[in-house]
Amino acid sequence: MPKIISTLEGMTNKHAPIERASRSKRKLLRKPWISKGIFQSVKEKQRLFKTHFFSGDPLKIKYYKAYNNKLTKIKDLAEQKYFKEQFEINKDNMKTTWKMIDLLINRKRKNCPTISKIVYNDKCYTSKLSICNQLNTYFVNVGPTLSAQLPNHINSNPTSYITRNFPNSFMFRYIHSHEEFAFTTQIKKIQTKQNDVIRLMFFVTLFGPDTDSALPLLNLLDLLTVTNIY
């Protein structure tokens, strides 16, 4: 068996050796939409840059610029076509889709350092499992820990936190059902077209201002007003 493996490795190294790709080749592999024809055109543009752009001849410079502009347009169209096809092919594969987005926006991944140890409460943690557990324990308890350090304001008046004076401001106050019911007894004396008053007049007309039948509907109106559901 070792002789067979050695023979196969020798044949592989002879006929299909592993070679390190050149810088230009690696750059080309990162842009799969660049076809062989476009790649040859890029090499031709580089040759024209040396022979035409620095020649000082206006006609040659004009020719180089026209060639460069046309090549740029062809590369842009090829890139658009490639990403359009790839997004359509991988529309059901979110992992590949995000890789394509990273490639499209040219986002470079940062090499984050690996945490080798954590010291917490004078104790050192070096294994991956213990480090993971300590990080989880810390972040899970961030909220309760900070909350425990805050002073207790359960019975405080919320307006006590307002230290500035706002003379042109206004606020809404919750209206109790008995206030609305008392208001309905005087509703016919008010000349207005507001929708709220019209609804209250409907209650007075339907149930009468002195009956307790209107109270449940007034309570319902309060609930709808608070929850903003109509």
Side-chain angles (χ1 to χ4, degrees), residues 1-2 4-54 60-120 125-147 227-229:
M1 180 63 73
I4 296 176
I5 295 176
S6 178
T7 303
L8 291 176
E9 288 180 349
M11 295 177 62
T12 303
N13 293 332
K14 179 180 179 180
H15 299 286
I18 299 176
E19 297 180 355
R20 182 178 178 84
S22 62
R23 184 177 180 182
S24 60
K25 185 66 175 178
R26 294 196 302 270
K27 187 176 180 181
L28 183 63
L29 291 174
R30 290 195 293 266
K31 297 181 179 181
W33 57 88
I34 300 295
S35 62
K36 291 183 179 180
I38 295 177
F39 182 69
Q40 292 298 326
S41 298
V42 172
K43 294 178 67 174
E44 177 65 16
K45 187 201 73 169
Q46 294 173 349
R47 187 188 68 81
L48 293 175
F49 182 76
K50 298 176 181 178
T51 60
H52 286 56
F53 189 76
F54 291 109
K60 289 184 177 182
I61 295 175
K62 183 178 180 180
Y63 177 81
Y64 167 78
K65 289 183 177 180
Y67 188 91
N68 182 50
N69 292 337
K70 187 174 183 178
L71 179 59
T72 301
K73 185 176 181 180
I74 292 175
K75 290 192 297 183
D76 291 341
L77 292 175
E79 182 179 2
Q80 293 176 16
K81 181 182 178 181
Y82 171 80
F83 280 108
K84 184 178 180 180
E85 293 176 350
Q86 291 300 314
F87 279 124
E88 181 64 25
I89 294 173
N90 300 287
K91 60 182 179 181
D92 297 326
N93 190 335
M94 292 302 299
K95 184 177 181 180
T96 306
T97 299
W98 279 110
K99 287 183 179 180
M100 298 301 300
I101 293 174
D102 292 342
L103 180 62
L104 180 61
I105 64 178
N106 196 23
R107 188 177 71 172
K108 297 181 180 179
R109 294 183 177 273
K110 296 181 180 179
N111 295 325
C112 300
T114 304
I115 300 175
S116 58
K117 68 177 181 178
I118 287 181
V119 178
Y120 182 70
Y125 302 90
T126 56
S127 67
K128 293 183 178 180
L129 180 60
S130 61
I131 291 174
C132 181
N133 289 334
Q134 290 303 314
L135 290 174
N136 288 337
T137 302
Y138 173 78
F139 286 109
V140 166
N141 292 285
V142 166
T145 302
L146 293 177
S147 178
T227 58
N228 198 25
I229 300 176

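Everything quoted here is computed from the prediction, not taken from an experiment.
Residues forming a ring-ring contact (aromatic ring centres under 6.0 Å, His included) with Phe53 (at least two apart in sequence, or on another chain): Phe49, Tyr64. In this structure Gln86 satisfies the side chain to side chain contact (heavy atoms under 4.5 Å, CB included) test together with Tyr82, Ile89, Asn90, Met100, sequence neighbours excluded. Applying the side chain to side chain contact (heavy atoms under 4.5 Å, CB included) criterion to Ile38, with sequence neighbours excluded, gives Ile34, Ser35, Val42, Leu71, Ile74, Lys75, Ala78. By the side chain to side chain donor-acceptor pair (under 3.5 Å) test, Asn133 is found to be paired with no residue, residues two or more places apart in sequence or in another chain being considered. The side chain to side chain donor-acceptor pair (under 3.5 Å) test applied to Thr96 returns Asn93, not counting sequence neighbours. For Lys91, the side chain to side chain donor-acceptor pair (under 3.5 Å) criterion is met by Glu88, not counting sequence neighbours. Applying the side chain to side chain donor-acceptor pair (under 3.5 Å) criterion to Thr137, with sequence neighbours excluded, gives no partner residue. With sequence neighbours left out, Tyr63 forms a ring-ring contact (aromatic ring centres under 6.0 Å, His included) with His52. Residues satisfying the side chain to side chain contact (heavy atoms under 4.5 Å, CB included) criterion with Lys62, sequence neighbours excluded, are absent altogether. Applying the side chain to side chain contact (heavy atoms under 4.5 Å, CB included) test to Lys36 and every residue at least two apart in sequence or in another chain returns nothing.
Residue Tyr138 places its OH atom among 12 or fewer non-hydrogen atoms of other residues, nucleotides or ligands, all under 6.0 Å distant.
Residues Ile115 and Ile131 share a closest heavy-atom pair of O-CD1, 3.8 Å.
For residues 41-51, the pairs satisfying side chain to side chain donor-acceptor pair (under 3.5 Å) are Glu44-Arg47, with sequence neighbours left out.
Once rounded to the nearest 0.5 Å, the distance linking OH of Tyr120 with CD of Gln134 reads 7.0 Å. Atoms CG and CD1, on Leu48 and Ile61 in that order, are 12.5 Å from each other to the nearest 0.5 Å.
Looking only at distances, no side-chain donor or acceptor of Ser147 sits under 3.5 Å from a matching main-chain atom of Gly143.
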